[in-house]
Amino acid sequence: DTVFPFHMVFNRDLAVIQAGSTIQRIVPGILEKRMPDFLILTRPPVLEVSFEGLRDASKHLFVLEIRDRKITLRGQMLVLDETRTVAFLG
């Protein structure tokens, strides 16, 4: 949490199951929200915002915008195969 205060971990349904303290303050109730409900994926261009789409694009820089706020997050997605999740490290 200290190293990545904006980190988020998404399950296969793209629901947030873990998040850093700073992003939790910015987006109240973030846990269990689905990525498309509060984030706009601006980079990389993926055909479909899905678990598989994030996994396939995980080697690229990700730029996410928080809906209803002028906050942009930059980072990468890390596939966690053992838990079948994807982590955003930003």
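All residue numbers in this chain count up from 1 along the given sequence.
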Ignoring hydrogens, what is the shortest heavy-atom contact between Pro28 and Lys33? Give both atom names and the distance. O-NZ, 3.5 Å
Checking the side chain of Arg74 only, and the main-chain atoms of Phe62 only, is there a donor and an acceptor separated by less than 3.5 Å? no
Please round to the nearest 0.5 Å and tell me the distance separating atom CZ of Arg25 and atom CZ of Phe6. 8.5 Å
Name of the residue among Val27, Ile17, Leu39, Leu89 meeting side-chain contact (heavy atoms from CB on, under 4.5 Å) with Met8: Leu39
With Thr83, the side-chain contact (heavy atoms from CB on, under 4.5 Å) member among Val86, Asp81, Thr85: Thr85
Say whether, by atom type as modelled, one donor and one acceptor occur between the side chain of Asn11 and the main chain of Asp13 under 3.5 angstrom. yes
Of the non-hydrogen atoms in Gly75 and Leu61, which two are nearest, and what is the gap between them? O-CD1, 3.5 Å
Are Phe38 and Val63 in one and the same hydrophobic cluster, where Ile, Leu, Val, Met, Phe, Trp and Tyr link if side-chain heavy atoms are under 4.5 Å apart? no
Using salt bridge (Lys or Arg N to Asp or Glu O under 4.0 Å), reason through Glu65 and Arg43 one step at a time and then give a plain yes or no. CA-CA 10 Å; Glu65 292 180 17; Arg43 184 174 174 186; over 6 Å; no
From Ile26 atom CD1 to Arg69 atom CZ, the distance as rounded to the nearest 0.5 Å: 7.5 Å
Applying a strict under-4.5 Å side-chain criterion to I, L, V, M, F, W and Y, I'd like to know whether Met35 and Phe51 cluster together. yes
Can you tell me how far the CE atom of Met77 sits from the CZ atom of Phe10, to the nearest 0.5 Å? 5.0 Å
Would you indicate whether Arg55, at its atom CZ, is surrounded by more than 12 heavy atoms from other residues, nucleotides or ligands within a distance under 6.0 Å? yes
To the nearest 0.5 angstrom, please state how far the CG atom of Leu73 sits from the OG1 atom of Thr22. 10.5 Å
Interatomic distance, CG@Asp68 vs CD1@Ile40, rounded to 0.5 Å, equals 8.0 Å
Of the non-hydrogen atoms in Ile30 and Ala19, which two are nearest, and what is the gap between them? CG2-CB, 3.9 Å
Taking His60 for its side chain and Ala57 for its backbone only, find out whether a donor-acceptor pair lies under 3.5 Å. no
Value for CG (Leu54) from CZ (Arg12), rounded to nearest 0.5 Å, stands at 11.0 Å
Transitively linked via ILVMFWY side-chain contacts under 4.5 Å: Ile66 with Leu64? yes
According to a hydrophobic-cluster definition based on side-chain heavy atoms being under 4.5 Å apart (Ile, Leu, Val, Met, Phe, Trp, Tyr only), do Leu41 and Ile23 belong together? yes
